Amino acid sequence: MSKRCQITGKQAMVGNNVSHSKRRTKRTFDVNLFTKKFYYVEQDCWISLKLSANGLRVINKKGLDAALTEAVDKGYCDWKSIKVIG
């Protein structure tokens with residue numbers, strides 16, 4: 001899987017390392033991603049999501065079902081890419 005949050009769609013950005021002498025070399029700013037398991041009550045199963053810290057806050061605020069349907073509508077993930085555990 002790519003380095004992308006399944007809820008917010010955040011992904012790595014590209015920028016420059018700037019040295020003291022102002023020489024610039026390319027670098028990536030990676031997202032703070034981690035995998036987390038959730039109990040999805042509507043489907044009565046456990047799912048695993050790749051989230052950023054902001055994505056976890058969105059789930060805590062809106063709820064898991066509302067956050068997932070909004071992410072699917074915006075195209076950040078689809079129902080096939082959500083990993084079902086047991």
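This structure is a prediction, so every number in the text was calculated from the model and none was measured.
- Note on L64 and W79: same hydrophobic cluster, where clusters join Ile, Leu, Val, Met, Phe, Trp and Tyr whose side-chain heavy atoms are under 4.5 Å apart, directly or indirectly.
- Annotation: the span from W46 atom CH2 to Y40 atom OH amounts to 14.5 Å, rounded to 0.5 Å.
- Two different hydrophobic clusters hold Y76 and V84 under the rule that ILVMFWY side chains link at heavy-atom gaps under 4.5 Å.
- R27 CZ to M13 CE: the interatomic distance, rounded to the nearest 0.5 Å, is 10.0 Å.
- Looking at every heavy atom in both residues, C5 comes nearest to G55 through SG-CA, 4.3 Å.
- Residues I7 and L68 form a side-chain contact, since some pair of their non-hydrogen atoms from C-beta on lies under 4.5 Å apart.
- Rounding to the nearest 0.5 angstrom, the gap separating the CG atom in L56 from the NZ atom in K36 is 6.5 Å.
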Q) Should V18 and R23 be marked as a side chain to side chain contact (heavy atoms under 4.5 Å, CB included) after you check the CA-CA gap, both sets of side-chain angles, and the distance that decides it? A) CA-CA 6 Å; V18 182; R23 288 182 60 97; over 6 Å; no
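- Counting all heavy atoms, side chain and backbone alike, Q6 lies closest to A71 at O-CB, 3.4 Å.
- Cluster annotation: F38 is connected to V72 through the hydrophobic network of ILVMFWY side chains, with a link wherever side-chain heavy atoms come within less than 4.5 Å.
- Taken to the nearest 0.5 Å, the NZ atom of K74 stands 10.5 Å off from the OG1 atom of T69.
- For the atom pair NZ of K22 and NE2 of H20, the computed distance is 7.0 Å after rounding to the nearest 0.5 Å.
- When side chains are defined from C-beta on, Y39 counts as touching D44, because their heavy atoms get closer than 4.5 Å.
- For the pairing with L51, the side chain to side chain contact (heavy atoms under 4.5 Å, CB included) check across I59, V31, T35 returns one residue only, I59.
- Between I85 and S48, the closest heavy-atom pair is CD1-CB, 3.5 Å.
- For the atom pair S81 OG and L49 CG, the distance stands at 8.5 Å (nearest 0.5 Å).
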